[in-house]
Amino acid sequence: MIRIDSVTKRYPDGTVAVDRLSLEIPDRSITVLVGPSGCGKTTTLRMINRMVEPTEGTILLDGEDVQRQPVTTLRRSMGYVIQNAGLFQHRTIADNIATVPRMLGWGKRRARERAAELMERVGLDAALAGRYPYQLSGGQQQRVGVARALAADPPVLLMDEPFSAVDPVVRKGLQDELLRLQDELGKTIVFVTHDIDEAVKLGTMVAVLREGGRLAQYAPPADLLSHPADAFVEDFLGADRGIRRLSFFPSDALELTTDAVVPADAPAERLAASDAPYLLVTDAHGRPLGWRERGSGGDRLLSYGRPFRPGTDSLRAALDCAVLSPTGWAVAVDADGRVTGVVSQQTIGEAIRAAHTQAAPDPDADAARGEDEKVAG
Ligand SMILES: Nc1ncnc2c1ncn2[C@@H]1O[C@H](COP(=O)(O)OP(=O)(O)OP(=O)(O)O)[C@@H](O)[C@H]1O
Ligand SMILES: [Mg+2]
C-alpha cells in the first residue's frame with residue numbers, strides 16, 4: 001500500500017502545489033487523482049516516485065518511507081506513463097518497450113521476447129515492433145507507453161493524463177483496455193486526470209483535489225456521485241451527476257414484458273389481439289426490426305433505437321435506450337441480440353426510485369462514515 005501522510009510541496013518560488021495531503025492508496029486497484037489544472041496532481045504523482053521531493057510529510061510504500069529507498073530501486077518498482085507516451089523517437093517500438101529490461105541487464109533476446117509479449121498484452125500488432133514512434137497513431141503510441149511502463153513488471157503504475165491527447169473514441173478504447181489489463185495484472189495504479197468521467201469510470205477510489213493542492217474528497221466513485229462533500233465537488237461533478245450515478249445500478253431487476261413483442265410473420269389476429277399502442281416486430285431469429293404503431297397496417301417501422309442488455313448494462317443504459325426510443329420503450333436483448341422483452345420509461349423510472357431508496361444509507365450510518373472520512377482524509 002502507498003500511504004501519503006500529510007504531505008506538503010512548496011516550490012522554491014513559494015507556490016504551494018500540495019497542501020497537507022493524506023491518502024491511503026489501496027493495493028491492486030486504480031486510485032484516481034482528479035481536479036482542475038494546477039491543483040497539484042502531477043506534483044503528487046511525482047512525489048511518489050521521488051521525481052519531486054516533498055517539503056513536509058512522508059510517503060510510505062508498504063510501510064517504508066520512500067525517502068529511505070535508493071531512487072533507482074524505487075523507480076524500478078514503479079512504471080510511469082505520461083501524456084503523448086514520451087517515447088524515444090529514435091528507437092523502434094520493440095526497443096522502446098525493452099528499455100527498462102535492457103537497463104536491468106536482460107539479454108537482447110529475452111528483452112525482445114518480453115517486448116513481443118507486452119505488445120500483445122496491450123493490443124498492439126506484432127508487425128509494429130520494428131517501426132518508429134512517428135509511424136504510429138496517437139492511440140498506438142499510448143499503448144506503447146503502457147507496455148514500456150509494464151516491461152519490468154513493477155507492482156506500481158503511475159499514470160499522468162495518459163489518454164488526454166487522443167480523440168474520445170480512441171480514449172474510450174484505451175480506458176476499456178486499461179480496465180481489462182488491470183483485471184489480468186492487478187497492479188497498484190495511481191492515475192491522474194482532469195476528466196471526472198474518466199475518474200468515475202476507472203477509479204476504485206477517487207481523490208478530488210482543489211486549487212492549492214488540498215483534498216476536497218476521497219471516496220469510491222458511486223459515493224462521490226451520491227454524496228459530494230461540498231459545493232466545489234458537486235460543481236466539479238457536473239450537472240448530470242444524477243444520471244451518471246445510474247451507471248452504478250444494474251438493470252437486471254427491471255421487469256420486462258413480452259406482450260408487445262411479435263415476430264414479423266405473426267398472423268393478423270395476433271397483432272389485433274394486443275392492445276399495446278406499439279408492437280416490437282422481430283425477425284426470424286428474434287432480433288428486433290422496429291416498432292409498428294397499432295392500427296398502422298403498413299410495413300413502415302419506427303426505429304427501436306439502441307437496445308440494452310440486462311445484467312451487463314446499467315440502469316443508465318436502459319434509461320438511455322428508452323429516451324432514444326421513439327415509443328418511450330426500451331428494448332432488452334441477450335448476448336446474441338435476440339429480444340428478451342421491452343420495458344417502458346415509467347417502469348425504468350420506478351426502478352430508479354427503488355434503487356435510490358435502497359442505496360440511500362440511513363442518516364446515522366452516514367454521520368459515522370463522515371467521521372471516518374475525516375480521520376482518513
Ligand atoms: N517546478 C515548479 N516550480 C514552481 N511551481 C511549480 C513547479 N511545478 C509546478 N508548479 C506549480 O504547482 C502547482 C501544481 O502544479 P501541478 O503540475 O502539480 O498541477 P496539475 O494538477 O498536474 O495541473 P495540470 O492539470 O495542468 O497538469 C501549479 O500552480 C504549478 O504552477
Ligand atoms: Mg499535471
Side-chain angles (χ1 to χ4, degrees), residues 29-39 41-42 44-46 79-87 89 93 96-97 118-125 128 131-151 156-209 220-222 224-225 236-241 243-248 306 308-309 312-314 316-317 320 324:
S29 59
I30 303 180
T31 298
V32 178
L33 308 180
V34 66
S37 185
C39 70
K41 304 181 295 293
T42 296
T44 303
L45 201 68
R46 290 185 169 180
Y80 188 50
V81 188
I82 57 171
Q83 193 177 329
N84 292 319
L87 302 178
Q89 295 300 322
I93 300 311
N96 261 284
I97 296 171
L118 279 161
M119 285 184 71
E120 195 185 332
R121 264 259 143 84
V122 301
L124 284 170
D125 194 323
L128 301 177
R131 288 204 197 171
Y132 288 87
Y134 76 91
Q135 296 170 312
L136 263 54
S137 73
Q140 288 168 333
Q141 290 189 37
Q142 278 315 143
R143 285 170 199 264
V144 178
V146 173
R148 186 177 61 176
L150 290 171
V156 175
L157 205 54
L158 306 176
M159 309 183 81
D160 194 351
E161 308 220 23
F163 309 148
S164 301
V166 294
D167 70 63
V169 175
V170 173
R171 184 171 187 157
K172 184 182 175 297
L174 290 169
Q175 291 166 348
D176 293 340
E177 198 80 348
L178 180 68
L179 288 173
R180 188 191 54 75
L181 205 64
Q182 172 65 354
D183 269 351
E184 284 173 20
L185 303 179
K187 300 290 178 189
T188 300
I189 299 179
V190 188
F191 189 105
V192 164
T193 179
H194 56 251
D195 177 356
I196 187 67
D197 285 318
E198 187 165 71
V200 164
K201 176 172 175 179
L202 297 180
T204 310
M205 288 294 285
V206 177
V208 184
L209 301 177
L224 211 62
L225 290 167
F236 194 73
L237 287 167
D240 49 357
R241 124 179 117 79
I243 301 282
R244 300 218 311 269
R245 190 177 166 226
L246 296 179
S247 323
F248 293 95
R306 193 151 105 158
F308 75 101
R309 272 181 63 192
T312 308
D313 288 331
S314 66
R316 181 183 178 171
D320 197 53
L324 287 176

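In this text the structure is predicted, and so the values were computed from the model without any measurement. Only this structure's heavy atoms are used, side chains among them; waters, hydrogens and symmetry mates stay out.
Of the residues Val81, Thr31, Leu157, Leu202, the one that meets the side chain to side chain contact (heavy atoms under 4.5 Å, CB included) test with Phe191 is Leu202.
Between Glu120 atom CD and Asp125 atom CG the span is 10.5 Å, to the nearest 0.5 Å. Considering CZ of Arg131 and CD of Gln141, their distance stands at 11.5 Å, rounded to 0.5 Å. We find the CD-CD distance between Gln142 and Gln83 to be 7.5 Å, quoted to the nearest 0.5 Å. Within the model, atoms CG of Leu209 and CZ of Phe236 stand 9.0 Å from one another, a figure rounded to the nearest 0.5 Å. In this structure, CD in Glu198 is found 8.0 Å from CD in Glu161, a value given to the nearest 0.5 Å. For the atom pair CG of Leu118 and CG of Leu150, the computed distance is 6.0 Å after rounding to the nearest 0.5 Å.
With hydrogens and angles disregarded, no donor-acceptor distance shorter than 3.5 Å links the side chain of Lys41 to the backbone of His194. Panel note: side chain Arg241, backbone Leu225; a donor-acceptor pair is recorded below 3.5 Å. A distance-only check finds no donor-acceptor pair linking the side chain of Asp320 to the backbone of Arg316 [under 3.5 Å]. Looking only at distances, no side-chain donor or acceptor of Arg244 sits under 3.5 Å from a matching main-chain atom of Gly238.
Heavy atoms from other residues, nucleotides or ligands lying under 6.0 Å from CZ of Arg180 number more than 12. Applying the 6.0 Å contact sphere to CD of Gln135 captures more than 12 heavy atoms from other residues, nucleotides or ligands.
Residue Ile97 comes nearest to Ala151 through the heavy atom pair O-CB, 3.2 Å, listed as atom of the first residue, atom of the second, then distance. Nearest approach of Ala199 to Val32, heavy atoms of both residues: CB-CG1, 3.6 Å. Listed here is the closest heavy atom pair of Tyr132 and Ile93: C-CD1, 4.1 Å. Taking every heavy atom of both residues into account, Thr193 and Arg171 meet most closely at OG1-NH2, 3.8 Å. Counting all heavy atoms, side chain and backbone alike, Pro221 lies closest to Gly203 at CG-O, 3.2 Å. Taking all atoms of both residues into account, the shortest heavy-atom contact from Val166 to Gly138 is CG1-C, 3.7 Å.
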Exercise for the section: Let me see the working for Thr44 and Val190 under side chain to side chain contact (heavy atoms under 4.5 Å, CB included), right down to the final yes or no. Expected result: CA-CA 10 Å; Thr44 303; Val190 188; over 6 Å; no
Problem - Stepwise side chain to side chain contact (heavy atoms under 4.5 Å, CB included) check, Ile30 with Leu179 - result: CA-CA 9 Å; Ile30 303 180; Leu179 288 173; 4.1 Å; yes
Practice task
Please assess Glu177 against Val146 for the test side chain to side chain contact (heavy atoms under 4.5 Å, CB included), listing each intermediate value before the final yes or no.
Solution key: CA-CA 11 Å; Glu177 198 80 348; Val146 173; over 6 Å; no
Exercise for the section: Give the intermediate values and the outcome of salt bridge (charged side-chain N to carboxylate O under 4.0 Å, His left out) for residues Asp197 and Lys201. Expected result: CA-CA 6 Å; Asp197 285 318; Lys201 176 172 175 179; over 6 Å; no
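For the pair Leu45 and Tyr80, the minimum side-chain heavy-atom distance is below 4.5 Å.
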